[in-house]
Amino acid sequence: MKALVPRAFYLDPPEVVARELLGKLLVRRYEGKRLVGRIVEAEAYCGIDDPAAHAYAGKTERNAVIFGPPGFAYVYFIYGMHYCLNISCEPKGHAGCVLLRALEPVEGLDVMARNRGLAPGSDLRLLTSGPGRLCQALAITRLTHNGIDVTSVRSGLHVEDDSRAAGSVEVSRRVGIRKAADRPLRFALAGNRFVSR
DNA sequence: GGAGCGATGTCCT
DNA sequence: GGACATCGCTCCG
């Protein structure tokens, strides 16, 4: 049975939410279709206590969403060409968030391939294995999705729990950062072929 | 299959 | 002006 993940789920600290998001479904409503991926990799960013987090330098116009209430999308633009999707967690005023790094494609694979500019039948790992890739596959941009409520089905982007057992979780260091790189805040489903790198 | 590197916008010092 | 929570292409084995 599929259930919408409620706002209370995101009240916990980011390292808890990141781990518990594994195995859940990210659902994007797009052109009348459902684009669905199972979350297989996520990283925690721990607000103003975490030198690697966007929130570390304090609240700005860009990162305001992560200082707001839990369960909202923080989408930012990086390296001049990629978007990354985070979900805010912890109560309003606390700046934790979780970066979604990889999905296992479940539904709408043909549309994902088109959005990624890939021929049908290409390696499925190219669809959504990586934070920039999954945003492109699901047509998620800052303009369309930053600040939207992922606990509302009407947002066109939400998280579902289909009660499938997630399996064992592998913990490692976060990818692509320089500051606080030694902290074990990356969580992935062990052995899943859609985990990035 | 792995290391090296260029692309390219936005934010912050 | 530099850094950046990335990706895909080249070149080399």
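All values reported here derive from a predicted model rather than from experimental measurement. Just so it is clear: chains get the letters A, B, ... in the order the sequence lines come, proteins before strands, and each one is counted from 1. Computed over heavy atoms, backbone and side chain alike; hydrogens, waters and symmetry mates excluded.
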Checklist entry - Given that Ile78(A) and Ser129(A) both sit by DNA chain C, which one's nearest nucleotide is further toward the 5' end? => result Ile78(A)
Item to check | Qualifying residues under salt bridge (charged side-chain N to carboxylate O under 4.0 Å, His left out), relative to Arg29(A), sequence neighbours excluded | outcome: none
Checklist entry - Between Asp162(A) and Arg164(A), does at least one N-O distance fall below 4.0 Å, as a salt bridge requires? => result no
Checklist entry - Looking at Leu109(A) and Val106(A), what are the two nearest heavy atoms and their distance? => result CD1-C, 3.6 Å
Next on the checklist: Just to be sure I understand the rule, does Arg116(A) reach a base, reach only the sugar-phosphate, or reach nothing, if contact means heavy atoms closer than 4.0 Å?
Outcome noted: sugar-phosphate
Checklist entry - Does any N or O in the side chain of Asp49(A) come within less than 3.5 Å of the main-chain N or O of Cys46(A), such that one atom is a donor and the other an acceptor? => result no
Checklist outcome for this item: At a 4.0 Å cut-off to heavy atoms of chain A, the contacted part of DNA chain B spans dA7(B) to dC12(B)
Next on the checklist: Within the structure provided, determine whether Leu138(A) and Leu26(A) are in side-chain contact (heavy-atom separation under 4.5 Å).
Outcome noted: yes
Checklist entry - Given that Arg142(A) and His82(A) both sit by DNA chain B, which one's nearest nucleotide is further toward the 5' end? => result His82(A)
Checklist entry - Are side-chain N/O atoms of Arg101(A) and Ser196(A) paired as donor and acceptor at under 3.5 Å? => result yes
Item to check | Salt-bridge criterion met for Lys24(A) and Asp161(A) (N-O under 4.0 Å) | outcome: yes
Checklist entry - Can you pull the contact range of chain A along DNA chain C, 5' to 3', using atoms under 4.0 angstrom from its heavy atoms? => result dC4(C) to dG8(C)
Item to check | Strand contacts (DNA chain C) in residues 104-113 of chain A, 4.0 angstrom heavy-atom criterion | outcome: none
Checklist entry - So what does Gly132(A) touch, heavy atoms closer than 4.0 Å: a base, only the sugar-phosphate, or nothing? => result sugar-phosphate
Checklist entry - Leu100(A), Leu189(A): one ILVMFWY side-chain cluster at the under-4.5 Å cut-off? => result yes
Item to check | Results of salt bridge (charged side-chain N to carboxylate O under 4.0 Å, His left out) for Glu170(A) - residues two or more places apart only | outcome: none
Checklist entry - Excluding sequence neighbours, so at least two apart, what forms salt bridge (charged side-chain N to carboxylate O under 4.0 Å, His left out) with Arg62(A)? => result none
Item to check | Contact list for residues 171-195 of chain A, test side chain to side chain donor-acceptor pair (under 3.5 Å), sequence neighbours left out | outcome: Glu41(A)-Arg186(A), Asp50(A)-Arg174(A), Glu104(A)-Asn192(A), Ser172(A)-Arg186(A)
Checklist entry - Where each pair must be Watson-Crick or G-U wobble with both distances under 3.5 Å, what dot-bracket representation of DNA chain C is obtained, with crossing pairs in [ ] and other-strand partners as |? => result ||||.|||||||.
Would you list the atom pairs, donor with acceptor, under 3.5 Å between side chains in residues 113-121 of chain A and any protein atom, with sequence neighbours excluded?
from      : atom 1 : to        : atom 2 : distance (Å)
Asn115(A) : ND2    : Ala137(A) : O      : 2.8
Arg116(A) : NE     : Leu126(A) : O      : 2.8
Arg116(A) : NE     : Leu127(A) : O      : 3.3
Arg116(A) : NH1    : Gln136(A) : OE1    : 2.5
Arg116(A) : NH2    : Leu126(A) : O      : 2.8

Checklist entry - Does Asp149(A) reach the main-chain N or O of Ser155(A) with its side chain, forming a donor-acceptor pair under 3.5 Å? => result no
Under 3.5 Å, sequence neighbours excluded: what are the donor-acceptor pairs made by side chains of residues 73-81 of chain A?
from     : atom 1 : to       : atom 2 : distance (Å)
Tyr74(A) : OH     : His54(A) : ND1    : 2.7

Item to check | ring pair (Phe, Tyr, Trp, His ring centres under 6.0 Å) contacts in which one or both residues fall within residues 170-197 of chain A, not counting sequence neighbours | outcome: none
Checklist entry - Looking for any heavy atom pair under 4.0 Å, which part of the strands does Phe77(A) touch: base, sugar-phosphate only, or nothing? => result sugar-phosphate
Checklist entry - Using a heavy-atom distance cut-off of less than 4.0 Å, which residues of residues 43-69 of chain A contact DNA chain B? => result Thr60(A), Arg62(A)
